[in-house]
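Working notes for the structure below.
Note that ligands are numbered from 1 as they come in the structure, with each ligand's atoms numbered from 1 the same way. In what follows, residues are counted from 1 in the order of the sequence shown.
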Amino acid sequence: MPTTPPPHPATRAREPGAATARQPALAERVRGLGVALGLDAVGFARAEARPEASFLETWLARGYAGEMAWIGRRAAERMDPRRVLPGARTVIAAALRYPGHERPPAPGPARVSGYAAGEDYHEVLLDRLRAVASALGPLAGEPVRSRVYVDTGPVQERVWARLAGLGWVGKNTCLIDPARGSLLFLGVVLTDLVLPPDEPMSDHCGSCRACLDACPTDAFAEPYVLDATRCLSYTTIELREAIPEELREAQGDWIYGCDICQDVCPWNDRAVRHPEADPLALRERLAPRAPWAQASLSFVLELDLESWRRHTRRSAMRRAGYRGLLRNALVAAGNGGDRSLVPQIERHAEGDDPLLAEHARWALAQLERT
Ligand code: SF4
Ligand code: SF4
């Protein structure tokens, strides 16, 4: 457990001004600004070391992060936002719902997780949060320091979103807002401005275990604990090497990520039945778009590096890399039973890349059996 860092000199210097900042009216103006900028929910939590955040240490020690060694490298910062922004007093957490694919999900030939099939959420959400951050000083009437993160730094956005009252963390390890479900992009503004914290929300999963039972790879070590090394969102995106053979059939037709444990969550059904307005067309930008909304495996297997670059411009799908996406598509092709893909798979089997060649041979052997 990291020790608590000493207060930053800037914090002590700002204490008198901070008294003004504690007024709830200021918090409501900040929240109102976030909503006016298109954010669906904005909440506040005290910036401090929290026992919830230290769960990360146990998770890393159990090896559940796999090759994501970068998570462990800045673990101390992830557990205390004051190590990220010295003098931080408040975490402003924000959520923006994304539309995802229409439900119930139609199995397709090359399925892409709904969060990644539209415009890159980092850009959309970072823009909004930067605007909130730059308004804090003028709203408070004093200089304010802040930093903004959307999966872009050593901050556990989900932990802070829960503490800020935006939802609870479900057994599927996603933040669930009872009104909006779990298809949420989360981001935070760390600031030395003092704002009154919101109440964390209690857990409403109850006896449900739909997500745990539906996971095709048994990736949940226990409720609320994900072994990322078995999760398709890790094997198809973060993993750079071969996909473990015992997980390939379970991958089905997914070529980037997986939505199953969210698709089966009853809180998402409820949210889909009550769509919200989209006055700034943010959800329109985040909605699945061509070619990834309905890509065919043949299309993906035919991509060259240039066309991959073009089709993943301003898309979160860049993260898997060109080679990673082809590797995933070869596994999906092996699972799909479509023998018309054999000539394309054979080209990869005879190619120069040993990783792709091995996955292509696996796919051919699978098709041989069907
Ligand atoms: Fe399992 Fe898919 Fe959820 Fe990962 S994303 S835990 S593979 S259901
Ligand atoms: Fe919780 Fe059920 Fe949703 Fe899983 S599917 S997160 S158990 S409500």
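- If you number the atoms of ligand 2 from 1 as listed, the ones under 4.0 Å from a heavy atom of Ile176 come out as 6 (S).
- In terms of protein heavy-atom proximity, atom 2 (Fe) of ligand 1 is closest to Cys258 SG, 2.3 Å.
- A donor-acceptor pair under 3.5 Å is formed between the side chain of Arg283 and the backbone N or O of Ala277.
- Applying the 4.0 Å criterion to heavy atoms of Asn172 picks out, from ligand 2, the atoms 6 (S).
- Leu280 places a side-chain heavy atom less than 4.5 Å from the side chain of Arg128.
- Of all the atoms in ligand 1, the ones that sit under 4.0 Å from a non-hydrogen atom of Ile260 are 8 (S).
- Look at Leu212 and you'll find every heavy atom at least 4.0 Å from all atoms of ligand 2.
- Counting only heavy atoms of the protein, atom 3 (Fe) of ligand 2 lies nearest to Cys265 SG, 2.4 Å.
- For ligand 1, the atoms sitting less than 4.0 Å from at least one non-hydrogen atom of Leu232 are 4 (Fe), 7 (S), numbered in the order shown with element in parentheses.
- Residue Asp259 does not touch ligand 1, judged by heavy-atom distances below 4.0 Å.
- Shown are Val188, Val155, Leu186, Leu129; of these, the side chain to side chain contact (heavy atoms under 4.5 Å, CB included) with Val150 is made only by Leu129.
- When the side chains of ILVMFWY residues are joined at heavy-atom separations under 4.5 Å, either directly or via intervening members, Tyr256 and Leu301 end up in a single hydrophobic cluster.
- Between His311 and Trp292, the ring-plane angle classifies as perpendicular under the 30° and 60° cut-offs.
- Between Arg347 and Glu302, at least one side-chain N (NZ, or NE/NH1/NH2) sits under 4.0 Å from a carboxylate O, which counts as a salt bridge.
- Contacts with ligand 1 closer than 4.0 Å are made by side-chain heavy atoms of Thr217 only, the backbone lying farther away.
- Remark: side-chain polar atoms of Thr90 are paired, donor with acceptor, to backbone N or O of Leu195 under 3.5 angstrom.
- If you run side chain to side chain contact (heavy atoms under 4.5 Å, CB included) between Leu136 and each of Leu26, Asp192, Leu33, Leu193, only Leu193 comes through.
- Each of the atoms 5 (S) of ligand 1 lies under 4.0 Å from some heavy atom of Ser233.
- Counting protein heavy atoms only, atom 1 (Fe) of ligand 2 is closest to Cys205 SG, 2.3 Å.
- Close to ligand 1: Phe220, with a non-hydrogen atom less than 4.0 angstrom away.
- Relative ring orientation between Tyr121 and Phe185 is described as parallel, the plane-to-plane angle staying below 30° on a 0-90° scale split at 30° and 60°.
- Close contacts of ligand 2 with Trp267, meaning ligand atoms under 4.0 Å from a residue heavy atom, involve 8 (S).
- Val124 has its side chain out of reach of Tyr98: every pair of non-hydrogen atoms, C-beta onward, lies at least 4.5 Å apart.
- Closest to atom 8 (S) of ligand 1, if we only count protein heavy atoms, is Cys261 N, 3.4 Å.
- Of the charged side-chain nitrogens involved, none lies within less than 4.0 Å of a carboxylate oxygen, so that Glu77 and Arg147 do not count as a salt-bridged pair.
- Nearest to atom 4 (Fe) of ligand 2 among the protein's heavy atoms is Cys211 SG, 2.3 Å.
- In summary, Cys215 places no N/O/S atom under 2.8 Å from atom 4 (Fe) of ligand 1, failing the contact criterion.
- Here the protein heavy atom with the shortest distance to atom 7 (S) of ligand 2 is Cys208 O, 3.2 Å.
- Heavy-atom contacts of Leu226 reach the following atoms of ligand 1: 6 (S) (cutoff under 4.0 Å).
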